Colleague: 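Dropping a structure here in structure tokens format, bear with me for questions.
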Amino acid sequence: LPIVAAMTMLTVPAIANDIYITQVGDSLDLDITQDGQDNQFGDSTTGVILSGDNMVFSITQTGDNNDIAAIINGDSYSGTWAFTGNTNTVDLLCDSTGTSGAGNCESVTLDITTTGDDNTFKFYIGENADASDSTVAFTVTGDDNVIDADVDGVSSDITVVVNNSASTHSTGATSATDVSLSSSNAGNIIDIDVDGDGDANGHLINLNLTGGGNVFTITQSGVYDNVIDITATTNGSNIDITQID
């Protein structure tokens, strides 16, 4: 059974609050709802570590100036992350090299949606080709949002939809690892890294993007089955795509 240093169902009123969780054990089912502003789920430093297999973890945040920092370590994980608001920050690390325990995010199903402006999202899923069976979807609507999405694995199915139609950015950061990464200098950044075995529909990346300072960096590896499908109306652009069979 999971051991959780916090309640596994949290619904909080529209006031600032901080939540920190350390959990170890399989079959965790955790739902977090935060409504308000200046809320924190983790951080100083991280503060949320979830370890175990067959994990379901979903979070909904509504409001401005909220912050999420979480580490997930387990063989299988699924979740839905939904955000409505402005000037929010998300930093998710799924695997965390060097973390002992229950696995390497081998199978991940993650659906992220957000509506709002001036948000910064960092999602690192798998770090050393560990996410061997991933289905990850990002849907982001709003202006001045930054997405630093790094999905490292094999047999990955990745979909990114970004609508920054109101963006006036004509330039962006130089890369997803730019130390000045923020919504003040880039409308959107997408960085996808998929390594390892292809074949039998092993790799698939769909990107649909409108507006923003841009900067895509998409790298895939073989063997075979590499597919990248991009539809983009861009302001700044800086597109670097590498596929290796």
Side-chain angles (χ1 to χ4, degrees), residues 58 76-83 90 92 94-95 105-116 119-127 129-167 169 172-173 175-177 181 186-245:
S58 298
S76 55
Y77 163 67
S78 63
T80 300
W81 294 42
F83 309 98
V90 177
L92 170 66
C94 188
D95 182 358
C105 286
E106 292 287 349
S107 178
V108 177
T109 302
L110 183 57
D111 191 349
I112 304 107
T113 60
T114 184
T115 302
N119 299 302
T120 300
F121 301 97
K122 299 181 181 181
F123 289 89
Y124 304 128
I125 300 171
E127 295 172 68
D130 287 322
S132 62
D133 184 15
S134 298
T135 302
V136 181
F138 299 86
T139 304
V140 179
T141 302
D143 191 22
D144 288 351
N145 293 307
V146 172
I147 303 170
D148 180 358
D150 189 337
V151 180
D152 193 341
V154 298
S155 300
S156 297
D157 185 346
I158 303 164
T159 301
V160 181
V161 178
V162 181
N163 183 0
N164 280 22
S165 57
S167 178
H169 284 296
S175 72
T177 56
L181 177 65
N188 40 65
I189 291 176
I190 291 111
D191 181 355
I192 301 174
D193 180 4
V194 180
D195 299 323
D197 299 335
D199 203 26
N201 302 314
H203 303 297
L204 176 62
I205 297 174
N206 287 293
L207 172 61
N208 189 319
L209 183 144
T210 302
N214 311 312
V215 178
F216 316 159
T217 302
I218 299 175
T219 302
Q220 285 188 330
S221 185
V223 177
Y224 309 115
D225 272 355
N226 289 323
V227 178
I228 298 176
D229 187 352
I230 297 178
T231 302
T233 302
T234 64
N235 292 350
S237 299
N238 179 3
I239 303 170
D240 182 4
I241 298 175
T242 301
Q243 280 191 322
I244 301 174
D245 288 332

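The model shown is predicted, which means the values in this text are computed figures rather than measured ones. All heavy atoms count here, side chains included; hydrogens, waters and symmetry mates do not.
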Colleague: Which value, rounded to the nearest 0.5 Å, describes the distance between Leu92 atom CG and Ile112 atom CD1?
Modeller: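 The distance works out to 7.5 Å.
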Colleague: Phe83: which residues meet the ring-ring contact (aromatic ring centres under 6.0 Å, His included) condition with it, sequence neighbours left out?
Modeller: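 In terms of ring-ring contact (aromatic ring centres under 6.0 Å, His included), with neighbours along the sequence ignored, Phe83 is linked to Phe121.
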Colleague: Nearest 0.5 Å, what's the CD1-CD1 distance between Ile205 and Ile228?
Modeller: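 Spacing of CD1 (Ile205) from CD1 (Ile228) equals 5.0 Å.
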Colleague: Please enumerate all residues that pass ring-ring contact (aromatic ring centres under 6.0 Å, His included) together with Phe123, with sequence neighbours excluded.
Modeller: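 Phe123: ring-ring contact (aromatic ring centres under 6.0 Å, His included) contacts with Trp81, Phe138.
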Colleague: At what distance, to the nearest 0.5 angstrom, does OG1 of Thr231 lie from CG of Asn208?
Modeller: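 Reported to 0.5 Å precision, the distance equals 5.5 Å.
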Colleague: Do any N or O atoms from the side chain of Ser58 and from the backbone of Thr80 form a donor-acceptor pair under 3.5 angstrom?
Modeller: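 Checking the backbone N and O of Thr80 against the side chain of Ser58, a donor-acceptor pair under 3.5 Å is found.
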Colleague: Could you go step by step and tell me if Val90 and Thr114 meet the side chain to side chain contact (heavy atoms under 4.5 Å, CB included) rule?
Modeller: CA-CA 11 Å; Val90 177; Thr114 184; over 6 Å; no
Colleague: Can you name the side chain to side chain contact (heavy atoms under 4.5 Å, CB included) partners of Asn206, sequence neighbours left out?
Modeller: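 Only Thr159, Leu204, Asp229 meet the side chain to side chain contact (heavy atoms under 4.5 Å, CB included) criterion with Asn206.
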Colleague: Once you round to the nearest 0.5 Å, how far does CD1 of Ile158 lie from CG of Leu110?
Modeller: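 Ile158 atom CD1 to Leu110 atom CG measures 11.0 Å (nearest 0.5 Å).
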